[in-house]
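Report on the following structure.
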Amino acid sequence: MTVVDPDTQAGWVPEADEDDDEEMPLSLRLSIADTLTLGNATCGFMAVYFTTTGILIPHLQGSQESGMARHSAATAVILMLCAAVFDLFDGLVARKLRSSPMGAELDNLSDLISFGLAPAYFVLVYGMVADDAHQRVAAVGAIVVLLAVVLRLARFSCVTVKDGTFQGMPSPFGALTVVSIVLLELPFVATLLAIIGTAWLMVSRVEYPKPRGRLAVAMLSWIVLSMGLLAAWAFDAPSGQLLLQTGCALQLVMGAVIPLFATARRVNNFRDNRREARAAQLP
């Protein structure tokens, strides 16, 4: 835009704002770790999509095609497992390379979608399609799962714990435990109680180890194995149902055993500290 100087009547062009020539602020640049985090969010959203289009809508339309529901349920859970893989690797990449200032916020928002909304919605749909389920009671269970993840992620953002541990069941592990409970097809009351118990573990103060080193490899191997079990079940492979139930049962066992080991370790540490304190008081 040309402006006329009233004193000299000469035309001049205002200098460009310095901000126009500045590069994009660092806070708006996505790192490789952030890209993986967005993959996590995408998987969570697609899990909701397949749960809706493959399970809920056919049920509302009165479809009796169980194969489609089985394929869609397996796909939704596999997508949650993929989200867990993205969540595992974005932390590793962030530590090895760099993370943008948005990294922590992106991670929490993505976890809320993939490990809060997606499993809670899975529980809600289960309450609508299962023969012995009660829709409104299942909705309460779904809300409990969602709020547990919200509280856990909020606490994770503002509470500092000792390095190498999580306080409470990690949300990816909790989400996979919740969907495993649903896939086990237990009686409705037992399913609901197990889901609420898992939600309590997510907001508890029980310590869980962070997946690093060998534990990260073991977790990745377990996820890949779980994907294989889900695929075998989806395609109605021989003993596919038994294999899936075995995998789901193992997920529940791990969810119950890890807190026991953590509690036993804390008790042993407490006893050792007391022994050391008594030994130090001796002359």
Side-chain angles (χ1 to χ4, degrees), residues 33-34 36-48 51 76-95 99 102-124 126 141-161 164-183 194-212 215-216 218-220 222-223 226-227 248 251-252 254-259 262:
D34 295 335
L36 295 174
T37 303
L38 294 178
N40 171 4
T42 302
C43 289
F45 174 78
M46 293 305 296
V48 173
T51 303
V77 179
I78 287 175
L79 284 166
M80 292 184 215
L81 290 166
C82 290
V85 173
F86 279 118
D87 185 62
L88 175 64
F89 278 101
D90 68 0
L92 297 175
V93 171
R95 286 191 292 270
S99 175
M102 295 189 299
E105 286 74 16
L106 285 175
D107 190 58
N108 277 348
L109 292 172
S110 298
D111 286 355
L112 180 59
I113 296 171
S114 299
F115 311 125
L117 176 61
Y121 187 71
F122 198 81
V123 172
L124 179 65
Y126 155 74
I143 292 173
V144 169
V145 171
L146 180 62
L147 293 182
V149 175
V150 170
L151 291 172
R152 170 175 171 70
L153 294 175
R155 186 178 68 183
F156 178 76
S157 299
C158 59
V159 175
T160 302
V161 297
T165 61
F166 288 116
Q167 190 177 80
M169 179 183 285
S171 52
F173 194 88
L176 298 179
T177 303
V178 166
V179 297
S180 295
I181 294 168
V182 174
L183 292 175
I195 288 172
I196 293 175
T198 303
W200 176 82
L201 282 174
M202 283 193 278
V203 296
S204 70
R205 297 183 181 276
V206 176
E207 293 182 353
Y208 283 76
K210 289 186 177 181
R212 296 178 180 175
L215 186 58
M219 179 178 176
L220 184 60
W222 173 247
I223 290 175
S226 299
M227 289 180 179
C248 292
Q251 178 73 28
L252 266 66
M254 287 191 295
V257 167
I258 291 177

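- A search for side-chain contact (heavy atoms from CB on, under 4.5 Å) contacts involving Leu38 returns Leu30, Leu106, not counting sequence neighbours.
- Put simply, CZ on Arg152 and CG on Leu201 are 11.0 Å apart, with the number rounded to the nearest 0.5 Å.
- How far CG of Asp111 is from OG of Ser171: 4.5 Å, rounded to the nearest 0.5 Å.
- Going from atom CG of Leu146 over to atom CG of Leu112 covers 6.5 Å, rounded to the nearest 0.5 Å.
- Atom CD1 of residue Ile113 and atom OH of residue Tyr121 lie 15.0 Å apart, to the nearest 0.5 angstrom.
- Each of Leu220, Leu36, Asn40, Asp90 was checked for a side chain to side chain contact (heavy atoms under 4.5 Å, CB included) with Val85, and the lone residue meeting it is Leu220.
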Practice task
Could you please spell out the steps behind the side-chain contact (heavy atoms from CB on, under 4.5 Å) verdict for Met169 and Trp200?
Solution key: CA-CA 9 Å; Met169 179 183 285; Trp200 176 82; over 6 Å; no

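- Shown here for Ser204 and Arg155, the closest heavy-atom pair between the two residues is O-NH2, 2.9 Å.
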* To do: Determine, stepwise, if the pair Ile195 / Val182 fulfils side-chain contact (heavy atoms from CB on, under 4.5 Å).
  => CA-CA 8 Å; Ile195 288 172; Val182 174; 4.2 Å; yes

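- Closest non-hydrogen pair, Leu183 versus Cys248, comes out as CB-SG, 3.8 Å.
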inquiry  = Could you go through Val149 and Met202, starting from their C-alpha distance and side-chain angles, then the distance that decides it, and tell me whether this counts as side-chain contact (heavy atoms from CB on, under 4.5 Å)?
reply    = CA-CA 7 Å; Val149 175; Met202 283 193 278; 3.9 Å; yes

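- Nearest heavy atoms, Val144 versus Ala199: CG1-CB, 3.6 Å.
- The two atoms that bring Gln251 and Ser180 nearest to each other are CG-OG, 3.4 Å, heavy atoms only.
- Taking every heavy atom of both residues into account, Thr198 and Gly174 meet most closely at CG2-O, 3.7 Å.
- Side-chain atoms of Thr51 do not come within 3.5 Å of backbone N or O of Phe122 as any donor-acceptor pair.
- Rounding to the nearest 0.5 Å gives a distance of 9.5 Å between CZ of Phe115 and CG of Leu153.
- Of all heavy-atom pairs spanning Gly44 and Ala118, the tightest one is O-CB, 3.9 Å.
- The CE atom of Met219 lies 9.5 Å from the CE atom of Met254; values are rounded to the nearest 0.5 Å.
- At least one side-chain heavy atom of Met227 sits under 4.5 Å from a side-chain heavy atom of Cys82.
- For the side-chain contact (heavy atoms from CB on, under 4.5 Å) test, residues two or more places apart in sequence or in another chain that qualify with Phe156 are Asn108, Phe166.
- Here the side chain of Ser110 pairs a donor or acceptor atom with the backbone of Thr37 at under 3.5 angstrom.
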